[in-house]
Every structure is written in C-alpha cells, then in structure tokens.
Trainee: 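One structure, as structure tokens, below. Some questions next.
Chain letters run A, B, ... following the sequence lines, proteins first and then strands; every chain starts at 1. As a basis for the values below, the full set of heavy atoms in this structure was taken, side chains included, without hydrogen atoms, waters or symmetry mates.
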There are 2 protein chains.
Amino acid sequence: MTVPVTRDLIVERADDLFYEGGFEATSFADIAVAVGISRGNFYHHFKTKDAILDAVISRRLRRTAEMLEAWKAEGSTPRERILSFIHILVVNRTKIMAFGCPVGTLCSELAKLDHGAQSRAAKIFSLFRDWLAVQFRALGLEDEAEERAMHLLTWSQGVAVMASAYRDEAFIHREVAGIERWLDDQSGMSIPQN
Amino acid sequence: MTVPVTRDLIVERADDLFYEGGFEATSFADIAVAVGISRGNFYHHFKTKDAILDAVISRRLRRTAEMLEAWKAEGSTPRERILSFIHILVVNRTKIMAFGCPVGTLCSELAKLDHGAQSRAAKIFSLFRDWLAVQFRALGLEDEAEERAMHLLTWSQGVAVMASAYRDEAFIHREVAGIERWLDDQSGMSIPQN
DNA sequence: CCACCGCTAGGACGATTGACCTAGATTGTC
DNA sequence: GACAATCTAGGTCAATCGTCCTAGCGGTGG
C-alpha cells in the first residue's frame, strides 16, 4: 500500500465488472460508481479503456500465477494438485453458472471484438496449461502431458459454458465426477485413452 | 418468397453480425449497412433490437432443427449421425477459430447481459442435446443417453472456446480424434466410462 | 384517376459512450 | 510555511447508441 491504492481499487472493481457484465458493456461510469470516485478522476489513472483492460489482464495473470503457486504447496502429489484445478468448477460454481469462466468468456469476447489484447488474455490459459502439463509429467506422462493439460482445460471450459447456459448445478457435479474418473485413468498409462 | 424478403435478409445478416461481432457490439447502423437499406427503414420491420435478437434466435432454432433432420437422412446409423455432429468442429473450423461457437458465445454474452432471451438461446443447445440423446439411446445406452449427449455437447463447446483462444487448427483435429475414440468406446457399454 | 397502404429514406430525439480539460484539494519536501 | 507534484471532482466534447417521426415512393383496388 505504498502509493497506488485507488488505482488498484479501480483494477479490482473493473476486473469484477468485466467478468460479470463483459468488457464492452462495462462503461467508465459503471466502474467509477463501483469504486466510488468521479468519472473525471479516472483519466488520471487510466488514459484509455484499453489501458484498464491491460491492467485487468495483468492482474489476472499475476493472481493466477499466485494461485497455481499456492496449489503446489497445498497439494503434495500431482494428482492432488490437478484436483485443485478441477475443483475450481465446484468452488466457483455459483459465479460460473451466472457468468461462465472469467478467462474463457473474456477470450471469446475479445476475439469477436477483434481486440489486440486477446492474445494476452489467452496467456492466462497458458499459465494453467503449462502448470497442468508439469503435473501430468510428474504423473508419468511424458509425451502426452501437454495434450492432457489442454484436454483438461478444454473439458473444464465446456463445463463452464454449458453450466452457464443451463444454470445447472447438478450438471457441474456430474461432469466434475467424470473428470476425476478420467484423471485416475491417466496415471502412468502407456496407451493413450481419452 | 411470398412477401418478407427484406425482413428475412435483415435477420440473415444480423445473424452473421451477431455471431462475428457479438450482439451488443452490433448496432442498427451495422446491420443496415450490411443489408444495404437505411436505418430508418429498420424500424418498419423491427421495433426494437431485442425483436431482431428474437428473430435471429428463431432462425437459428429453425435451421438447427432442419440440419438435425437432414443428418437423420444422411447418416443411416446412430454412430454416423453423431459423427455428423462432431464434424461441425472440423467443417466450421475457420469460423470457430475466429469467433467460437455461435450458440455458446451467444448464450455466454446474453448471460452476462442478464438478457431475458438467454433461456431461448439455450434451447438451441437443447435441440442438439435431445437429438444426440436419441442417437445414444439407439446405440444401446438407455439411462445414460442424456448424460452422454450433454457430455458430447460439453466437450465440443470446450473445443470451440480453446480453439478460438489459441486459433489452433491442429488442436481441433486432435480433440475431434479424441471425441471419435470416446464415441466408439460408448456403444453398448454397460459400465459407464468417461 | 384517385385514394390507399406497404415500404423506404433520411433526419432528429435524448441518452450514453470514451475521451479530455481545468480548477481546486491534498500531500510530501525542503 | 511555501512550493511543487499528485490526486480529485465535475463539466464538456464529439460521436454513437437505440428509438422514433415524417415525407415521399410505388403498386393495387375501386
């Protein structure tokens, strides 16, 4: 809390609003109200809306990296660490049913807007992918680790989309159980199986 | 072609623009330019933007039903019919890499906008789900048919999200191959396996 | 020939958007 | 305590949004 407390607050609230309402649909005024400052004050901290988006993506990259680091400490085994990832779907089920996955929906929106920051947003996925690949490699899957990581990411994204489309909590639990079964089928298998 | 050729043209172009640019980001002016008519002329056919959205969703519902009906004719076996669904990912890979899945991204956006039409948009998913469930039931999966249908829908949605995030065509082919292997593991199995 | 009606064009509306400016308040430093 | 840098508030800007109105076009029926 050395200097930029207001700036951080702006990024934090903008992060939430971008998630819950989308980037395009969230206006300067919306963020200003959420933070509790005037619209004019905004321009002192961020010159453009894209600058806020950049800061939000940076924040998400940093927090994701921190979360993955924390999971390394909590879960001692690779399997437990991967389960930490899978269980985001359960832990955040309420918000996911309402707004989908923060990363997936942002990437989708930025892709449609043909926004230059889309590739940076996709790097949040890469953090998960690389981290998961390390865990799969520790499970004994050498060559297939990256592919398994992408598949797990894919599966969870699908669950997020369908869960928000139907707002079905039971569906999330069913699919998560399926992912866990799939995970336990992966360990040390020589023949690839999806 | 009895009467409403202009109206149909509006809905058709709006459908494309909503897919490629998103509902919120597409303005009346954008659609008018795409159709080649004046903005004022718009109001004669659609009083509100939501009315256009309704018409677009109706169009998608109708066209989806027609496509599923056509697949019944093309693919004689349930497996071939399901493969027709899976191969949308390959056939439409270019657009999917650029804009994601039309249904999934629309549902996600409407969810964030808290738009009343979200549940109607989700009915497009239901058309696929019910149709797929019929095919899985024909494969000998009685009780698990609906669950398998939802899983296949989930998987394909995940592929669409990740494919657009990374714009990776090889990834699509890899996952589609995985889906096909999964499909062939399903037929007539008594013990559920994901 | 005229009255009518579906369709079109183009402008105008109030509101809101992202962006920007300026003046005052606050803070920190010497 | 004076000064400079930083932060804040509130207003203004042109552009664009969805919405709406009206005048004119073209064909059809009486």
Trainee: Check every atom of D:dA9, C:dG18, C:dA9 against the side chain of A:F28 and return the nucleotide holding the closest atom.
Mentor: C:dG18
Trainee: OP1 or OP2 of C:dC7 sitting under 4.0 Å from any side-chain N/O of B:T6?
Mentor: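 Answer no for this pair, as no side-chain N or O of B:T6 is under 4.0 Å from OP1 or OP2.
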Trainee: Can a side chain N or O of B:N41 be found less than 4.0 Å away from OP1 or OP2 on C:dC7?
Mentor: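 Result: no.
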Trainee: Kindly point out which of C:dT8, D:dC7, D:dG18 is positioned nearest to the side chain of B:H44?
Mentor: C:dT8
Trainee: In whole Å, what is the span from the NZ atom of B:K49 to the P atom of D:dC20?
Mentor: 15 Å
Trainee: Are A:W71 and A:Q135 side-chain neighbours, meaning at least one heavy-atom pair lies under 4.5 Å?
Mentor: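 Not touching, per the 4.5 Å side-chain cut-off.
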Trainee: Would you call A:R79 and A:D184 a salt bridge, using N to O less than 4.0 angstrom?
Mentor: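 Here A:R79 pairs with A:D184 in a salt bridge, since their nearest N and O are under 4.0 Å apart.
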Trainee: Answer yes or no: does a side-chain N or O of B:S27 lie under 4.0 Å from OP1 or OP2 of D:dC17?
Mentor: yes
Trainee: Can you identify which nucleotide, out of C:dT8, C:dG11, C:dT17, has its nearest atom closest to the B:H45 side chain?
Mentor: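 It is C:dT8.
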Trainee: To the nearest Å, give me how far apart CD1 (B:I31) and C1' (D:dT19) are.
Mentor: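 It is 14 Å, rounded to the nearest whole Å.
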Trainee: Using the rule that Ile, Leu, Val, Met, Phe, Trp and Tyr join whenever any side-chain heavy atoms are under 4.5 Å apart, tell me whether A:V90 and A:I179 fall into a single cluster.
Mentor: yes
Trainee: Can you measure B:K47 atom NZ to D:dC21 atom P for me and round it to whole angstrom units?
Mentor: 12 Å
Trainee: By nearest nucleotide on DNA chain C, pick out whichever of A:T48 and B:G40 is the more 5' one.
Mentor: B:G40
Trainee: Hey, is the side chain of B:Y43 poking within less than 4.0 Å of OP1 or OP2 on D:dT19, counting only N and O atoms?
Mentor: no
Trainee: Rounded to whole angstroms, how far apart are CZ on A:F42 and C1' on D:dT12?
Mentor: 18 Å
Trainee: In whole angstrom, give the distance that lies between atom CG of B:D30 and atom C1' of D:dG18.
Mentor: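 My rounded result for the distance is 13 Å.
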Trainee: If I take atom CZ in residue B:R39 and atom C1' in nucleotide D:dG18, what distance separates them, rounded to the nearest angstrom?
Mentor: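 From B:R39 CZ to D:dG18 C1': 12 Å.
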Trainee: Taking atom types as modelled, find out whether B:T105 and B:Y19 have a side-chain donor-acceptor pair closer than 3.5 angstrom.
Mentor: no
Trainee: In terms of heavy-atom contacts, does CZ of A:R62 have more than 12 from other residues, nucleotides or ligands at under 6.0 Å?
Mentor: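 Yes, enclosed.
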Trainee: Of the options D:dC20, C:dA19, C:dT8, whose atoms approach the side-chain atoms of B:S38 most closely?
Mentor: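 Nearest listed nucleotide: C:dT8.
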